[in-house]
Structure formats: C-alpha cells, structure tokens
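Notes for the one structure printed next.
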Amino acid sequence: MRFKINIKDLIFGVAIILILISIYLAFIYTPTHTTMGDVQRIFYFHVASAWLSYLAFGVTFVTGIFYLKSKDFKWDKIAFASAEIGIVFCTLAITTGPLWGKAVWGAFWRWEDLKLFITLVLWLIFIAYLALRANAKSKVSKANLSAVFGIIGFICVPLSFAANRIWQQYHPTVIATSEGSLQSSMGMALGISVIAFTFLYIYLLISKVEIDTMREIIEEIKQKVGG
Amino acid sequence: MNAIKTIFLKEIKIEFRNKQMINNYLLLSVMIIASFRFAFSIIDFSLLLIASPIIWITFFFSGMFSLSPTYKRELEEGTCEGLLLAPISNSSIYFGKFLSNFLVILLLELFSLLIFFVFFSIATPDLVALFILIIIGTIGFAALGNIISAISSNLSQSEVMLPVLLVPILLFTIVISAISATSKIFEGAHLFDVMQEVRFILMFDVVFLAIGYLLIDYILGD
Amino acid sequence: MSDLIYLYAAYTVIWAGVFLYVLKLHLAQRKLKQETEMLKEIIDEKKNKKNL
Amino acid sequence: MNDNILTAKNISKSYGRLKVLKNINLNITKGDRYILYGSNGAGKTTLVKILSTLLYADSGELSLFGEIIRRHSTKQIRALIGFMSHQSYLYNDLSALENLNFYANLYSIKNKKERIENLLKEIGLYHRSHDRIGNFSRGMKQRLALARALLHNPDLIFLDEPYAGLDIRAQEILNDIIIQLNKRGKTFFFITHDISKGFEVATRSGILSNGQIVYETKREKIDTFSKKYKDILLREQN
C-alpha cells in the first residue's frame, strides 16, 4: 500500500513537470502560426484533452471486455473510473474546439468537421454509459450491462466516423488544413503535452479507483456496524 | 433454427393478440407525422430537403416504443427464466425477438410512410429503392434496438433509458446514412446512385447482428 | 488581437476543468478519510463496551 | 450404472463482496426426494438456480447426470431438468394450450399433441385449454406451471417454494404427483422456508443457513427436525 501511494505521487509529479514544460513550449518555444496567429496555441492542449478522452474511453472498452471474460469487479471499477475521466476531458475538448473554431473559421461549431462531430458522438455515448450505470438495479447487472454498452458504443465510433464521411461529401465544404502547416517544433510541443496528459490520466485513474474502492469498504463496514 | 421460429411466432402472437398495443403504435406514428406537419405549416421550407429527416425520425421514435416491451414483458411476467431454462441458446432468443421486432417495426414504418404521403404532398420517388432502403435500415434498427432493449429492460426508468442509450449509437450510424440516401432518392436518384450508403447500411446490419449474437449471453445470463 | 480572447478562454476552460476535477477527487478522498476515522471511533467504543 | 444424479463440490457464489453461498457440498442420487429448508436470505434461491444451471457458481464444481457443468455446454443437460417456481413462467396473453405448445417446441418434444392433451387432462384443465391464462386463478396457474415443468418428462425436478399460494387440496395433489413420479424413477429437489410443508414427502432433508448446509438427515421424526430448525433460525438472528 505504501509503495503504491509513492508511485501515484511520482506519476502526479511527472505529470505536473511535463505540463509545465509543455506550457513553456506552447507559449514561448513554438513560433506563432503563420495563418492562424497566436490563437493556434489552443491547439496543444485541445488536442491533448481529446487524446486523453479517446484513451480513457478505449480503456473503458478494453476493461469492459476483461470484465465480461473474468467477471472480476476490479475491471468494472477501472472501466467506470476511466469513463468518468474520459467524460471530463471530452467536455474540455468539445468546449475548447469551438473557441478555436470561432477564431479560425468565424463560427463556433462546424457540423461538417468530422473530428468535432465524432468527439461529440463519443461524448453522447459515454454520457449515456454513465446514465446507464446510475439507473442499474444491482451491482452485478450494473457491471454486466455497462460493459456490454461500453463495448457496443466504442465499436460504433469508427463506423460512425466512416458513415459521416459520406454524409459530408454530400455537403462539400472547405476542410481546414491545420496540420498542413505544422512545423516540427509545434509537433514536439504537441507530443510533450500529449505525454503530459497521459501521465495526468494515469494519476487520475489510480486516484479514482482508490476512492471508489475505499468508498465500497466504508459502506460495507457501515452496514456491519449498523446491523 | 426451430427455437428461433418458435420464439418469433410467440412474440408475434402476443404482439398482435393485444390489439390495443398495435393501435397505440399506429396512433403514435400519426401523431408524430401530424406534429411535423403543423410545425412546418407556419414557415417556408423545401419539402424535398426535410422529407427524408422527417420520415426517419418518425420511424425511429415510433419504432422505439415497440422495442421497449420486448424484454421488459418477459421480466415483468416472470417468464424470462422459463426461456433461459429451456435447452436453447440465448442467441436464438435474440434472433427470434429480432425477427418479430423487424416485422412489427417494418409494418409501422410502411404505415407511417403512407401517412407521410397523405400529409405532405410530394412527388412519389423511386418506390422500389425507397422500400429497399427502409428494409435494410430496419434490419439494423431492429438488431441494435433489440440488444439495447435487453439492456434497458434491466434498468430503472427503462422507457427513458432506451432512447438515451439508443440515440447516440443508432442515429449516428444507420439513421444518418439512411437519411442521406433517402434524400437523394427523393431528389430523383435511383438505387444504384446511392450504393455507397447502401453498402454502409448493410455493413451496420452485419455488425449489429454480430454484436447481438456475441453479447446477448452477457445481458441475459448472470 | 481580439482573437486572443479565445485563447485565454480556452486555457481558462482547460485548467479550470483539470483543477476542479483534481479538487473533486481530493475532497472525496478527504471525506472518506473522515468517515474512516469516525467508524474507527465507533468500533473502538463498541469494543470498550464489550470489554466492560 | 452410476446412480449419482447431482454432485456439488465446494460451490461458492458471491454478489460483489457479499458471499451468498459458502462451500456447498451436495450429493443427490437417483430416486431421492431432497428437501432443503432455510430462512429468507439464506441463499436457497441462488443455490437452486445454480443447481439448475440458471446461474454459474464462482468456484466449485457441479455435475449433473455425470457431466460437469460449464457455460455453453448445458443444452442437453437442460432437457433433462424440470423447474417449477412460485413464478409460473407462463404467458398471460396466451391460452393454456398455446403456452404448453410453445414450451413443447422449445424442448423439441416428440408427439407433443398427445403429451399436452394428457397433461391437461391430468391436471384437470383440459376443458379450459383455449382460454387465455390471464383469466386463470392462482391455483389453476400453479397446476399449469407444474404441467409445464413436467412437459418434457425430465429426470430431475427442482421445486422452488412449490407450496406458496396453493390451498390445502392443491398441496395434497402436488404431494401425490411427487410420490407418483418418484415411483417412476424421477428425482426431486425442493426448497422452502416453511417447516410445516413437504417434510412427509421427503426422503432426505437439509437446512441451509447463511449460505452453508448446516444440517442434513434421513428419515427423522419431524419434531426433532423442526426443533433443530428453530434453533438454527434463532442462532441466525443473533
């Protein structure tokens, strides 16, 4: 237990340091974007948040499969924690996306932009996932049903991505080429911020799982003491 | 195969024996189409552009109400364990119910389509293409709807949870492709003009049926 | 120049979001720790009563 | 020939952290009429669900008819098992005949028409074959539920609180049927919380308490047994 806490704090420390480095890189080290100006600097943490939410939902998907195979509640706990963290960062990604969009395109939201669209779909699916868990009647059915739903939801995302591509050909628009003029220093800044957020994710996941485990144990003791 | 047929026939029998239920579904379709009609009666609109979304949204919401009791009825009547005790696989329960869902939803959709043509005066498109689109779209709708209905029947407030769980998955896969293809059909295209959409919808059908086949065990079992 | 508002807004959203979530987790953890202390006291009391 | 119909070794089941069954060992041979008593919450229903393959145990080994039970391999075994619970497993919107026909098809029963007719006559509901069972009384439904459970001529029959909701006459009929079928070589396993019922038809009795079989006996006087049961219930409350 002692050792585990140390690892958790270590990860938190690494995450903080990496975040500070990436803030430095994002604001000072990288040059101002030639066409989009300074506002392009939103990009580094916007993309990192989006990445973190994809990673988190992916973990929910994989641990859902592990749970169904093993019926071990440990996996269910991780799946739930990861989904919640995913929702938080997905929310950050879909609020910062429009802010950037407004500056670059002049509009907050472009329904034609696939990345925005898919991130929104993911957000809806995992909001529904959390609603499912909140409405489950027992611990067993909560774990079973949410694992199944998480798997279905995650599988459908690439399919939805593909389906919406044809829908967009139907309404042709100019695709913003943000990556088109990405310089190598910008790429590195992005890379560092993505790594920083990945460490942040691991820290949050461990904390959340620990809290949920502790809450469960306390509930159990309370029932014993009360009865 | 025999088990699938048995369950399919039983579902259809129960569904049609209770005539009030079917009547309610039909009534709901009329109400949805009528509300679209009234909503669009006070503004200028291009019928060609809104026809396809109206049709599919109507299909989606009226079909959903017929999906909701599929598993809930078994749980409420306490017959679920009777099925699980029988020497059949859970996937035959799924496929039997899928077929009956498919049939009931398809009937509702054809009825809604009729009402739509009554309420909205629009040039009749290539009907064969339209029917084929509706049929393949409904396969996926029933396949995914059936599995989500099995999930939501185990939740509290299952009637609300069914659309909450179904919309983010179904709307952005099958319904969106179907809307795209159907609006092309209304603009005068034929089936071979929308082959790309058709291929996508068929792919979703296969994926959803496979998901149902693989995951139903985990929903119905312990 | 007016574009920079969006830059500030975006960074405020991100860091406020991250900060609030971390804070929420810490508060939850602290509450649980308090509860454990409380339970410990109750259990100790019960034990003492039994011994008496 | 091996006469062991059901063998359970160290069966445990828990829901989350709550342990419902702890190391259950059970051995039932052909022709047994085993009755298991236990208070509500002792884990009876979970146990009978595991033994009838509706649920799977977390650990331990269950074999039925000499075959070890695993997920997805139980279809043939299920055809040999009958199960009757306080729920009827019947559809209110279907008639008595349609209900039995449906299950007969699921169990792929040969010459089902004859079999269903005979069963309906036996339970005295032949004249109501075409009536929707939504209109049936609780007792009639329960009789039909028994017919449903016996439809495929199972060798091992589970009864979960079979006496609940039956009047005294129907209870006697049920006991008669149990004895009769038992003479034809059927094995019975039933659970109930009510000590006043079923003891006289059982050849073996057990008591389940807190997820463990704490007492087992063969042919004992009912007074001795019920005293034991009361003691155990009292101990449970403390």
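Only this structure's heavy atoms are used, side chains among them; waters, hydrogens and symmetry mates stay out. The chains referred to below are lettered A, B, ... by the order of the sequence lines, with proteins before strands, and numbering in each begins at 1.
The two residues Ala136(A) and Leu155(B) come nearest to each other via the heavy atoms CA-CD2, 3.7 Å. Nearest heavy-atom pair, Val164(B) versus Ala128(A), reported as atom, atom and distance to 0.1 Å: O-CB, 3.5 Å.
Heavy-atom contacts from other residues, nucleotides or ligands closer than 6.0 Å to CZ of Phe199(A) number 12 or fewer. No more than 12 heavy-atom neighbours from other residues, nucleotides or ligands sit within 6.0 angstrom of OH on Tyr213(B). Annotation for Phe65(B): atom CZ does not count as buried by contact number, only 12 or fewer foreign heavy atoms lying within 6.0 Å.
For the atom pair CG (Leu159(A)) and CZ (Phe200(B)), the distance works out to 8.5 Å, reported to the nearest 0.5 Å. One distance of note links CG of Asn135(A) with CE of Met161(B); it measures 4.5 Å at 0.5 Å rounding. With rounding to the nearest 0.5 angstrom, the CZ atom of Phe117(A) is 4.0 Å from the CD1 atom of Ile176(B). Phe149(A) contributes atom CZ, which lies 12.5 Å from atom CG of Leu215(B) (distance to the nearest 0.5 angstrom). Put simply, OH on Tyr218(B) and NZ on Lys71(A) are 7.0 Å apart, with the number rounded to the nearest 0.5 Å. From Ile155(A), atom CD1 reaches atom OG1 of Thr173(B) across 12.5 Å, with rounding to the nearest 0.5 Å.
Contacts of Leu214(B) with chain A are absent, with no heavy-atom separation under 4.5 Å from either backbone or side chain. Neither the backbone nor the side chain of Val160(B) comes within contact range of chain A, judged by heavy atoms closer than 4.5 Å. No part of Leu122(A) comes within reach of chain B, as not one of its non-hydrogen atoms sits under 4.5 angstrom from that chain. Of the atoms belonging to Leu165(B), heavy atoms from both backbone and side chain fall under 4.5 Å from chain A. If you measure heavy-atom distances from Ile201(B) to chain A, you find no contacts under 4.5 Å at all. Contact of Ile147(B) with chain A is made through the side chain alone, with heavy-atom distances under 4.5 Å.
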Cys156(A) and Phe172(B): side chain to side chain contact (heavy atoms under 4.5 Å, CB included), yes or no, with the steps? CA-CA 9 Å; Cys156(A) 289; Phe172(B) 299 115; over 6 Å; no
Are Ile169(B) and Ile125(A) close enough, and set up right, to give a side chain to side chain contact (heavy atoms under 4.5 Å, CB included), and what steps lead you there? CA-CA 7 Å; Ile169(B) 301 177; Ile125(A) 287 175; 4.2 Å; yes
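Taking the side chain as every heavy atom from C-beta outward, Ile151(B) and Leu132(A) approach each other to under 4.5 Å. The shortest side-chain heavy-atom distance between Leu144(B) and Ile152(A) falls under the 4.5 Å cut-off.
Looking at residues two or more places apart in sequence or on another chain, you find no side-chain hydrogen bond (donor to acceptor under 3.5 Å, both in side chains) involving Ser152(B).
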